[in-house]
Every structure is written in C-alpha cells, then in structure tokens.
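One structure is given below, encoded as structure tokens.
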Amino acid sequence: MKNHLVAKILNDVSYALEILDVEFKPRAYARAARSVENLSKPIEDIYAEGGKKALDNIPGVGESIANKIEEIIKTRSLKYRNKLIRKIGFDFTELMNIEGLGPKMIKKLHEELGVKSLADLDKAAKEGRIRSLEGFGEKTEKKIMDNVEFARVKNKRVLLSTAFNEAQEVKKELIPFAEKVEVAGSIRRMKETIGDIDILAVAKRGKHEEIIKKFARLGKVVMEGETKIRIRLDSGLNCDLRIIELDSFGSALQYFTGSKDHSIELRKIAMKKGLKLSEYGLFKNDKKIAGRNEEEVYKKLGMQCVPPELRENIGEVELAQKNKIPELINYDVIKGDLQMHTKYSDGGNSVEEMVLKCKNLGYEYVGISDHAGNLKIANSMGAKEVSKQRKEIQNLNIKGIKVLQGAEVNILADGSLDVPDKLLKEFDFVIAAVHSKFNMARDEMTKRLIKAIKNPYVIILAHPTGRKVLRKESYDADWKEVFKAAKEHGVLLEINAHPERLDLPDSLINQAVKMNCALIINTDSHSVDNLEYMKFGIGQARRGGCTRKAVANALSFTKFLELLKK
DNA sequence: GCCGTTTTCGGCCCGACTGTTTTCAGTCG
Ligand SMILES: Nc1nc2c(ncn2[C@H]2C[C@H](O)[C@@H](COP(=O)(O)OP(=O)(O)OP(=O)(O)O)O2)c(=O)[nH]1
Ligand SMILES: [Mg+2]
Ligand SMILES: [Mg+2]
Ligand SMILES: [Zn+2]
C-alpha cells in the first residue's frame, strides 16, 4: 500500500512551499496529504480501478495533485519534490519531525547557522549557537535539544484499544472534579489507530485549578496554559486536556472531536451563512446562537448531527445537509458473539467461562468457534475433541443463553477447507478464514476466497482481508467479486472486532454495505476479557455506514438460526 | 492548488500557547 508514501511526499512538498513563502499552496498539499493518509483503501488500487479521475475524486485532490500522485504510484518518487528541495538547497525532511520546529525556523536555522540535518541541529544547540539568532532564545534552544532526542524514540500511533482503555483510566481520575468529561479526538471517532488521547472537560464550580493539577499528576507535563494542558503518560502516549465552560461544551466537543477537515468544512459553511464557528460556539454578529450541545450546532448550520464515527470529511457533510445520514447500528444491539476460542484450541478460558461472560454482556446466544483441522499453530481440534466439546456444550447448565458449536477452519491455497465435509456437517456453523499462504496473485486469491464461499457448510468468511493493524497489510483480492459471491451464497462477511484486526476495515465495510451484503461482528476472543472488544467492531461498522439490519448478530436467536439453514 | 445552492475567480478555520514581542509570528490542536 502506497498511501503513506504518497502522503509523505505531498507533505514534503507542502513544507517546502512553506519554506519558500508560497501562499495557500502549502495548505492545499497538506490537505491532500491528510486525505490520502486517511484512505483505508490502497491508493494504487483506486488508481488502477478508476484512473486519474478516481484520484481527482479524493477530497482536496485536483488535476495537478492527481498527476503528481500518478507519478508517485508509478515511480515511488516525485520530481517536483526533488526540484523544490534543490531550490531550498538541502533536504530538510528529517527536520520536519521535530516537535515545535516548523518551516520558518528550519529556514532560519539553515540560512544563519548552516543547519542541514538532525546532527547539525543537535550540535548547534549544544554549542549554544541557536540562542543568538533573532527570535530564538535559551528556552527554544533547550526545547530543540529535548525534542531532537525525543524524535529518535518518537512514539508512533497505537491501536485503538490501547488508547481507548488508557483514556478511560484518565477520564475516571477526572470525574470527581468535572461537571462533564468526554473523550474526544480520534478515539471518539473510533479510528483504527490513535496518535494521542484528547479529553474535554467542564470543571465543577471552583475546581478549575484542581482538575488541572490532578491531570498534571497523571504524567509528565509537556505544555500548560489556562485552558489547555498536555501530559506524556508513562506509556509514551500524549494526552491533551481542554477545559471549557458548560455553555460551550457542545461546540467544544465538536471542535475537539474533529476530524480537522470535517471541522474546517463546518466552519466554511458557517462563514457562508454569515456565522462564525469555533470551540466557543456558533456566533451571529458576536451573539452566541448555539454551543451547549452538538446537535444544536449542527442544526443551526442547517444539517443533521453527524455521528462522530463518520466525521472524516469524505462526503458526510453533504449527506447531513440532505438529511441522508444512515441510521447507524447502535452499540447496544448486538445479541450474540460468534467467533471465540477456548482451551479446546488456542484460547485461554473454558467453554463455560466464555459463555458466562457472554451472558453477563447480555447476549441471547453465543457461538464457540475453536480452530478445527490441521492448523498446527493454533492447536486445532480433531474429530474426537469436537465430539467431546459438543457433549460439554450440551451439558452446560447456564440458563438464558443459547450456545452453538462452530469451528474456524483454514482455507487452503486451492480454496478447499482444511476439514472434511464429514466433520464440517457436525457443526452448527462453520467459519472459514485464510491463515497461511498470504502471498498470492490477486486473481488466485479471489478464486480461493470465492471457492471457500461456495462451500455449502461455510456461514462466515472471517477476517476477510488478513490485515493486521500497524503490522501487516491485507492480501490482494478483487473484493467486489468476493462480496458478490458472499451475497449470492448467503455467506456473512465478518467485521472482526479484535483491535489488531478490525477486518473488514471501514472502507470495505462501506463497500459491502453499498452492495447490500450481510455482515456479522465478532470479537475473535481468545480470553474472557477479549469479549469486550465488540465495541471496536461496532465502531468500524459505524464508520462504514452500517445499519442494524445489515448485521446478522443483531438479529434475535430465531431469526439468526434461519440464516444458518440457508 | 482546490473549489463552487449566492462564485469557474477569488477566496482559503479559528484560537491557544510559546517566546521575547513591546504588538506578534510561528507552531500546533
Ligand atoms: N479547527 C481545527 N481543529 C483542529 C485542528 N487540528 C486539530 N483539531 C481538532 C480536531 C482534532 O480531532 C482534535 C484533536 O487533535 P489531534 O491532533 O489529537 O487529532 P486527532 O485526535 O483527530 O487524531 P490523532 O489520532 O490524535 O492523530 O483537535 C485544526 O487545524 N483546526
Ligand atoms: Mg488525538
Ligand atoms: Mg491531541
Ligand atoms: Zn482466525
């Protein structure tokens, strides 16, 4: 996937143009770079399928940038970028990563001190030469030294679950001092990876200073002002706290939830209506006309309130203006979890423990789906264990929840399953998934998946793309064809809710939703704790525009059983 | 360079924090 490379190069261009004091173009390139970075579909696929016109459809990408993206896809580099770097006289791109060091400072450091690299910068700072520059001082010099060190060990983005759970911890600490406190930013949008934690709070009367003090003790203070404070947590994750008054809470939540480009879009709409939108509220001639809650802000802008998971400025604003935002699946409508592993294969808990936890989560039914077949790494079950597990399930004495016995079966390279039909027919449902031989030509992989879909025992195609968040890219396949086959043969496409998978990813969920495919959200749990991952899967479903009726495990048990008959 | 229910030309989000500024530019959210 070349998205990151394309975004990086466009961002280099933006920075270069800013160093060269060009107006507005830097913004255009930065905007396009963000758009590309946020695509979850590989940009080379978009280009292969729709050519330059498809690139032009990416928000913030026009004719000129589309041409440049084409060049990057074909050659992995961009002549225009290199030309700009030659014009500036040195490759500044490694200096871009230093926090607090922007294009203007980089330019000045180069012109006055000949700084061309991180090493030069470090040396200049240590020799005390930076403080002598006009506009720079001792503190700037110290900050540069600190951040050069930090840039080397720079914390990257983390999994949604990691940040989500840490954010809950921080939130809990703040509750005693807060009238209101809400996790915002990319976590509220349920993005699959997170850069930092953003928290918005209204302090209880007279507790403004206390809440800031409390927050400061939760980590190392990086920056502190009247209304904003940032700490670095022990985990290395940054956490921003913004304090606001109650009557601005809604507009502030809108601002702090973002995304940046979604907010800019809203602010432009406000401008066109002769209004002004900021975190403090929506204003008409300095008079506040909305701000206490988000719904009000969107309403006064003449649109539906957009669910946080859709706020990426990829068309949702227009939908909201036309009153066409879909009724997204809610977080509380899931009635069963159909992929989980127990000690029978590679899970850590017993069947009983898993079922009990599912009952506590309020589910009506649950499917145990240990690995079956020859897959050695996952300690797969053979026929004997399958029958033993079946009896154990039958003898479970847990009231109020129905338990199905399923199996997760490996799809072999030729698309056949790793378990003979004789055994497959013993299960209440069969999950098929690829766990080996990922490197396959697109056509072959498509055929392989479709053959598995056509197997009459298969009910669910699990983690369909095989990607691992931050670790492994999806294998290549013609997803449109795969989805078409799934629909035709009554196979449910899984939204794997495990935070390391989130597979299908949001953009493919959207594609499946548009094709009217049936989906199912499963946690793929390997322990009772993992069963809590369901919310992350629902979050991705919502990001993909998924409604309740498209999701099989939002159905009652009777309705769900009908699906299994197919 | 992008973009269009007032525009195909003429705009481009708005505000907090920092440092060294005596009035603001740079950087970031
Ligand atoms: N209006 C406006 N809002 C911004 C801007 N930059 C950031 N924000 C808002 C929207 C963001 O969601 C929110 C938090 O900023 P972050 O840098 O933490 O971004 P976000 O959480 O979206 O993504 P992340 O996963 O942290 O990289 O602040 C900006 O330039 N203008
Ligand atoms: Mg953030
Ligand atoms: Mg932030
Ligand atoms: Zn699996």
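Chain identifiers are assigned alphabetically (A, B, ...) following the order of the sequence lines, protein sequences preceding nucleic acid strands; residue numbering begins at 1 within each chain.
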Is [X] salt-bridged to [Y], cutoff N-O under 4.0 Å?
X: A/E279; Y: A/R242; value: yes
X: A/E245; Y: A/R205; value: no
X: A/R189; Y: A/E309; value: no
X: A/E296; Y: A/K300; value: no
X: A/K322; Y: A/E318; value: yes
X: A/K214; Y: A/E173; value: yes
X: A/D240; Y: A/R230; value: yes
X: A/D91; Y: A/K116; value: no
X: A/E63; Y: A/K52; value: no
X: A/R131; Y: A/E141; value: yes
X: A/R467; Y: A/D503; value: no

Distance, rounded to the nearest Å, where [X] contributes [atom1] and [N] contributes [atom2]:
X: A/M271; N: B/dG4; atom1: CE; atom2: P; result: 14 Å
X: A/R27; N: B/dC14; atom1: CZ; atom2: C1'; result: 11 Å
X: A/R34; N: B/dG1; atom1: CZ; atom2: C1'; result: 14 Å
X: A/L10; N: B/dG1; atom1: CG; atom2: P; result: 12 Å
X: A/I264; N: B/dG15; atom1: CD1; atom2: P; result: 13 Å
X: A/E23; N: B/dC12; atom1: CD; atom2: P; result: 11 Å
X: A/D261; N: B/dC2; atom1: CG; atom2: P; result: 15 Å
X: A/L55; N: B/dC2; atom1: CG; atom2: P; result: 12 Å

Does a side chain donor of either A/H262 or A/E316 reach within less than 3.5 Å of an acceptor in the other side chain? yes
Pairing donors with acceptors under 3.5 angstrom, does anything connect the side chains of A/N3 and A/K41? no
Which heavy atom of A/A125 sits nearest to which heavy atom of A/I144, and what is that distance? CB-CG2, 4.4 Å
Please name the pair of heavy atoms, one in A/E99 and one in A/N147, separated by the smallest distance, quoted to 0.1 Å. O-ND2, 2.9 Å
Passes side chain to side chain donor-acceptor pair (under 3.5 Å), A/D261 versus A/S259? Steps please. CA-CA 5 Å; A/D261 290 308; A/S259 68; 5.3 Å; no
Could you tell me which residues satisfy ring-ring contact (aromatic ring centres under 6.0 Å, His included) with A/F24, sequence neighbours excluded, listed by chain and number? none
Could you tell me how far [M] sits from [N] if I compare only their [atom1] atoms? Round to whole Å.
N: B/dT23; M: B/dT18; atom1: C1'; answer: 15 Å
N: B/dT7; M: B/dG11; atom1: C1'; answer: 9 Å
N: B/dT8; M: B/dC3; atom1: C1'; answer: 9 Å
N: B/dT20; M: B/dG15; atom1: P; answer: 26 Å
N: B/dA16; M: B/dT21; atom1: P; answer: 23 Å
N: B/dC13; M: B/dC2; atom1: C1'; answer: 16 Å

Taking the nucleotide of DNA chain B with the nearest heavy atom to each, does A/E138 or A/R242 sit closer to the 5' end? A/R242
Mapping A/A28 and A/F24 to their closest nucleotides on DNA chain B, which lands nearer the 5' end? A/A28
Report yes if a side-chain nitrogen or oxygen of A/K276 is closer than 4.0 Å to either non-bridging phosphate oxygen (OP1 or OP2) of B/dG15; otherwise report no. yes
Pull out every residue in [range] that has a heavy atom closer than 4.0 Å to any atom of DNA chain B, ordered by number, or say none.
range: residues 56-78 of chain A; value: A/P59, A/G60, A/V61, A/G62, A/E63, A/S64, A/I65
range: residues 311-321 of chain A; value: none
range: residues 212-227 of chain A; value: A/M223, A/E224, A/G225, A/E226, A/T227

Across the strands shown, which category fits A/L266 at heavy-atom distances under 4.0 angstrom: base, sugar-phosphate, nothing? nothing
Using atom names, set out every protein N or O paired with an N or O of nucleotides 9-11 of chain B below 3.5 Å, distance rounded to 0.1 Å.
none

Hunt down the Watson-Crick or G-U wobble partner of B/dC9, both distances under 3.5 Å, from any strand shown, or write none. B/dG4
Considering only heavy side-chain atoms of A/K268, the closest of B/dG1, B/dG19, B/dC13 is B/dC13
Among A/E210, A/H208, A/K213, which residue satisfies the side chain to side chain contact (heavy atoms under 4.5 Å, CB included) criterion with A/F177? A/E210
Quick one: which protein N/O atoms are closer than 3.5 Å to N/O atoms of nucleotides 26-29 of chain B? Pair and distance per line, please.
residue: B/dT27; atom: OP1; partner: A/G102; partner atom: N; Å: 2.8
residue: B/dT27; atom: OP1; partner: A/G102; partner atom: O; Å: 2.9
residue: B/dT27; atom: OP1; partner: A/K104; partner atom: N; Å: 3.4
residue: B/dT27; atom: OP1; partner: A/M105; partner atom: N; Å: 3.0
residue: B/dT27; atom: OP2; partner: A/K104; partner atom: N; Å: 3.3
residue: B/dC28; atom: OP1; partner: A/G100; partner atom: N; Å: 2.8
residue: B/dG29; atom: OP1; partner: A/R230; partner atom: NH2; Å: 3.2
residue: B/dG29; atom: O3'; partner: A/D240; partner atom: OD2; Å: 3.2
residue: B/dG29; atom: N3; partner: A/Y255; partner atom: OH; Å: 3.4

